[in-house]
**Q** 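Could you have a look at this structure, given as structure tokens, before my questions?
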Amino acid sequence: MFPWHQYLLALIFLIAGVTHFTKSKMYERIMPAYLPAPKTLVSLSGIVEMILGFMLLNADTQSAAAWGIIIVLFLFIPVHIYMLQNERASLKLPKWILILRLPLQFVLMYWAYQYI
């Protein structure tokens with residue numbers, strides 16, 4: 001049995017992964033223009049998020065999942081910066097939310113680190 005917060009983080013990643021497929025156009029809009037094949041990257045990142053969510057719920061793979069989550073969150077930082085810089089990518093979110101999302105990445109990384 002895992003602590004409730006580990007289940008919550010796994011659920012967040014599972015839901016986020018699924019939304020890469022249910023709201024793929026939104027994710028494609030926030031992909032920086034310099035990245036190739038946005039549709040493919042959106043799908044791959046969704047699959048990776050779901051796999052990491054499931055791995056976090058297995059004692060044998062939770063440490064690898066935690067490291068994977070930290071790496072993924074680090075790799076997503078350019079997306080958050082792009083959303084701040086590009087009006088279309090901002091999804092019409094208030095600037096303060098877009099700014100707050102950057103330090104939130106590090107909070108989520110620390111959260112994942114608890115399961116290494």
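None of these values were measured; they are calculated from a predicted model.
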**Q** Mind checking whether Ile77 and Leu41 sit in one hydrophobic cluster, side chains of I, L, V, M, F, W, Y counted as touching below 4.5 Å?
**A** yes
**Q** Find out if a path of hydrophobic residues (ILVMFWY) with successive side-chain heavy-atom gaps under 4.5 Å connects Tyr113 to Ile71.
**A** no
**Q** Indicate if Val107 and Ile12 have the same hydrophobic cluster label, given that clusters are the connected sets of ILVMFWY residues with side-chain heavy-atom separations under 4.5 angstrom.
**A**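 Per the 4.5 Å side-chain linkage, Val107 and Ile12 are co-clustered.
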**Q** Taking atom CZ of Phe13 and atom CD1 of Ile69, what is their separation to the nearest 0.5 Å?
**A**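 Separation between the atoms: 4.5 Å.
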**Q** Rounded at 0.5 Å granularity, tell me how far CG in Leu91 sits from CD1 in Ile97.
**A**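 One gets 11.0 Å once the value is rounded to the nearest 0.5 Å.
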**Q** If only atom types and distance count, is the side chain of Gln105 paired as donor or acceptor with the main-chain N or O of Leu73 below 3.5 Å?
**A** yes
**Q** Answer yes or no: is there a donor N or O on one side and an acceptor on the other, between the side chain of Arg88 and the main chain of Arg29, under 3.5 Å?
**A** no
**Q** Show which residues join Leu44 in its hydrophobic cluster (side-chain heavy-atom contacts under 4.5 Å, direct or indirect), or state none.
**A**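 Listed partners: none, Leu44 stands alone.
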**Q** Are Ile99 and Phe106 connected in the hydrophobic side-chain network, where two residues link if heavy atoms are under 4.5 Å apart?
**A**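 Yes, it is one cluster - the side chains of Ile99 and Phe106 are joined through contacts under 4.5 Å.
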**Q** What distance do Phe76 atom CZ and Ile81 atom CD1 have between them, rounded to the nearest 0.5 Å?
**A**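 Here the interatomic distance stands at 14.0 Å.
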**Q** Run the ring-ring contact (aromatic ring centres under 6.0 Å, His included) test against Tyr27 and tell me which residues pass, sequence neighbours left out.
**A** His20
**Q** Who pairs with Tyr7 by ring-ring contact (aromatic ring centres under 6.0 Å, His included), at least two apart in sequence or on another chain?
**A**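 Tyr7 satisfies ring-ring contact (aromatic ring centres under 6.0 Å, His included) with Phe2 only.
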**Q** Working to the nearest 0.5 angstrom, can you tell me the gap between His80 NE2 and Ile30 CD1?
**A** 7.0 Å
**Q** List for me each residue that meets side chain to side chain contact (heavy atoms under 4.5 Å, CB included) alongside Trp96, sequence neighbours excluded, and say none if there are none.
**A**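 Result, side chain to side chain contact (heavy atoms under 4.5 Å, CB included) vs Trp96: Pro94, Leu100.
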**Q** With rounding to the nearest 0.5 Å, note down the distance linking CD in Gln6 to CG in Leu57.
**A** 7.0 Å
**Q** Angle between ring planes, Tyr115 versus His5, binned at 30° and 60°: parallel, tilted or perpendicular?
**A** parallel
**Q** Does Leu14 have any side chain to side chain contact (heavy atoms under 4.5 Å, CB included) partners at least two apart in sequence or in another chain, and if so, which?
**A** Met50, Phe54
**Q** Is there a path of hydrophobic side-chain contacts, each under 4.5 Å between heavy atoms of I, L, V, M, F, W or Y residues, that connects Ile116 with Leu8?
**A** yes
**Q** My understanding is that only residues two or more places apart in sequence, or in another chain, count here; which of them pass side chain to side chain donor-acceptor pair (under 3.5 Å) with Asn58?
**A** none
